[in-house]
Colleague: 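Let me begin by handing over the structure; questions about it come next.
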Amino acid sequence: MTEANLNAHSSDAGAEQAICDEDVRLAVLASYGVEGLEGDSELTAITRFAAKLCDAPIALVNLIERHEPLAVAHLGLDGAPKIPRSDSLCAYAMQQSGLVEIRDTKADNNVASYSVVADTPGIGFYAGVPLVSAEGAPLGALCISDLAPRPDGLTDFQREGLEVLAQSVMRALEGHRERNFANAELASSKDRIQFVLDSLPDIAWSAAPGMAWDYFNGRFAEVTGTTPPQETEDWLKVIHPEDFESSLAKFDHAMKTATMFEDEWRLRHADGSYRWIISRAVPSTNQPDTARWFGTLTDIHARYSISQERELLAGELAHRIKNIFSIIIGLVTLNARGDEKLESFAAKLSEALRALSRAQSVALQSETTKKGKLCDLLRALTLPYGIDGAGAITIVGAQVEYGQNAATPLALIVHELATNSAKYGALSVANGSVSISVEETNGSVNLTWQELGGPPTTEPSDQGFGSRLIDMTVKHQLGGELELDWREEGLHAEILIPNQALAR
């Protein structure tokens, strides 16, 4: 029997597969993560079907490493014994360009000396299809074999079936490689995100639905010196006892409504001290039962301390100004005593001074800056400027609320407008009047100041201090818009303030 009769290949039998540089080939092979392929269920199923298709006792998916083949799936071999690469029939087959069929291996000059052929019992029949990557790198072979030679070889149907199964093997390998790439990219992305989170000065956390905390960045342990909380009660060890219940109530409401949470409380540090932080959290969805939560804890202790110092200073300043007004009122009353006409004038003047004192208290963020109704605040601010109780100032409109932070800029704006009107505008004459209206628009409050019955007005050639103060306060402190119209009948001012800024 000639060698041609012993070997039956595909249509291009005998042509060698183009082999890339070995280091490149091994790098491509490594990209498939071959260590994780051993025992793969899909490859094992393909191997079993290949054996059944060809009625063969032995079937392998063999990947050829640098020194030896690795049988990632096998049938009919006891533990897939290790052999050197030089004795591997699959290492030979992967170098060919198509299906390799050797009907009598002991009579084939190319493989007869291989130990797997020459030893007893040795492989007598072999058929394998090269496994080639998309880059053109030969990786190994899908093969079946028998101990006895097969003079008739495989049928055309079996050969075609082996080639189809080899394509399935490559699809499985490519799928495994893509998953490896995706997992590696995911791990790399996770590492990058973790690095960013751990580099933040803030504490960052996340919680699963039902408020089961499952992540904290490294800042938590660094700052608090304790393990991160897993349940709500665990926060007791880091939140100041005086702040815990009120903050928990706010957070419970946010969780039940799946709305943004924000609160300020004191965080216990590793040295036992407490520092003020602002705690924020947002839900991943507006569905309370399924929302994940993501939050941060930001240290605001320095800012909080400065704010407290400013409040103390403002309170002290308001107290001193009140004392000054009290002294002035006392002097007016004392000097008018005994003169009926002067006493009547002094009573009116004293009332105006007391109202002005209240307005100054608001401007300095004293005790009157609690959240309240805007129209009530406007009445308190304009009370000193009413002329003889004749209704010189009228205030109408929506009863919108203002917040503590908005009170001071509002007081400055109204006080400046009223002072200017008392000096030069409608409030400087007996029959003049001012109308203030409050109207809610789309996401904003429109405050309109209209003067009537005063001296004719003209737009000043340059902006004075008062105008600059109003403009700066409206735009920079309240984030609003200001329009001044110097009409002949009196000043018309339109002030548009966002609801969010007004409520602060």
Side-chain angles (χ1 to χ4, degrees), residues 305-393 395 402-430 432 434 436 449 451 464-474 476-478 491 493:
S305 298
I306 293 173
S307 177
Q308 285 185 315
E309 291 175 3
R310 287 177 176 172
E311 287 181 8
L312 289 173
L313 181 60
E316 177 65 19
L317 184 57
H319 178 70
R320 291 179 182 273
I321 290 177
K322 279 187 176 182
N323 286 342
I324 292 173
F325 275 113
S326 296
I327 292 171
I328 294 173
I329 292 170
L331 289 173
V332 170
T333 303
L334 181 62
N335 283 278
R337 188 173 297 166
D339 188 319
E340 185 176 345
K341 292 183 179 180
L342 287 179
E343 284 182 346
S344 176
F345 171 76
K348 294 179 181 179
L349 179 58
S350 296
E351 184 58 33
L353 289 170
R354 291 188 185 95
L356 187 57
S357 176
R358 289 194 296 271
Q360 289 298 318
S361 295
V362 173
L364 292 170
Q365 278 192 291
S366 67
E367 69 276 7
T368 61
T369 59
K370 298 175 182 178
K371 180 173 287 190
K373 301 299 183 181
L374 180 57
C375 287
D376 295 339
L377 176 63
L378 294 175
R379 290 187 182 95
L381 294 171
T382 58
L383 188 60
Y385 304 97
I387 305 294
D388 296 328
I393 299 178
I395 300 171
Y402 69 92
Q404 181 178 3
N405 291 337
T408 295
L410 285 169
L412 292 174
I413 294 166
V414 175
H415 180 66
E416 189 59 37
L417 287 171
T419 301
N420 184 73
S421 181
K423 290 180 179 178
Y424 313 110
L427 296 181
S428 67
V429 297
V434 173
I436 305 174
W449 174 284
E451 298 186 24
F465 173 77
S467 297
R468 292 198 304 272
L469 177 63
I470 295 174
D471 185 74
M472 181 183 67
T473 304
V474 171
H476 297 290
Q477 294 192 47
L478 294 175
L491 173 65

Colleague: Distance check, rounded to the nearest 0.5 Å: Thr333 atom OG1 versus Ile328 atom CD1?
Modeller: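 Going from the OG1 atom of Thr333 to the CD1 atom of Ile328 covers 11.5 Å.
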
Colleague: Using the side-chain contact (heavy atoms from CB on, under 4.5 Å) criterion, which residues pair with Asp339? Sequence neighbours excluded.
Modeller: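 Residues passing side-chain contact (heavy atoms from CB on, under 4.5 Å) with Asp339: Lys341, Leu342.
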
Colleague: Which pair of heavy atoms, one from Ser428 and one from Ala422, lies closest together, and at what distance?
Modeller: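 Ser428 and Ala422 have their closest heavy atoms at CB-O, 3.3 Å.
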
Colleague: Applying side-chain contact (heavy atoms from CB on, under 4.5 Å), run through Leu334 and Arg337 and close with a yes or a no.
Modeller: CA-CA 5 Å; Leu334 181 62; Arg337 188 173 297 166; 3.9 Å; yes

Colleague: side-chain contact (heavy atoms from CB on, under 4.5 Å), that's the test. Do Ile413 and Leu478 meet it? Break it down for me.
Modeller: CA-CA 11 Å; Ile413 294 166; Leu478 294 175; 3.9 Å; yes

Colleague: Hey, does the side chain of Ser421 reach the backbone of Leu427 with a donor-acceptor pair shorter than 3.5 angstrom?
Modeller: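 Looks like yes, one N/O pair under 3.5 Å.
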
Colleague: With a 4.5 Å limit on heavy-atom distance, are the side chains of Leu410 and Leu374 in contact?
Modeller: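 Contact flag for Leu410/Leu374 side chains = yes.
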
Colleague: Excluding sequence neighbours, so at least two apart, what forms side-chain hydrogen bond (donor to acceptor under 3.5 Å, both in side chains) with Asp471?
Modeller: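 Result, side-chain hydrogen bond (donor to acceptor under 3.5 Å, both in side chains) vs Asp471: Lys475.
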
Colleague: To the nearest 0.5 Å, tell me how far Trp449 CH2 sits from Thr382 OG1.
Modeller: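 One gets 7.0 Å once the value is rounded to the nearest 0.5 Å.
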
Colleague: Going through the checks in order, is the side-chain contact (heavy atoms from CB on, under 4.5 Å) test met by Leu491 and Leu417?
Modeller: CA-CA 9 Å; Leu491 173 65; Leu417 287 171; 4.0 Å; yes

Colleague: Measure the CG-CD1 distance between Asp376 and Ile395 for me, rounded to the nearest 0.5 Å.
Modeller: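 These two atoms lie 9.0 Å from each other.
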
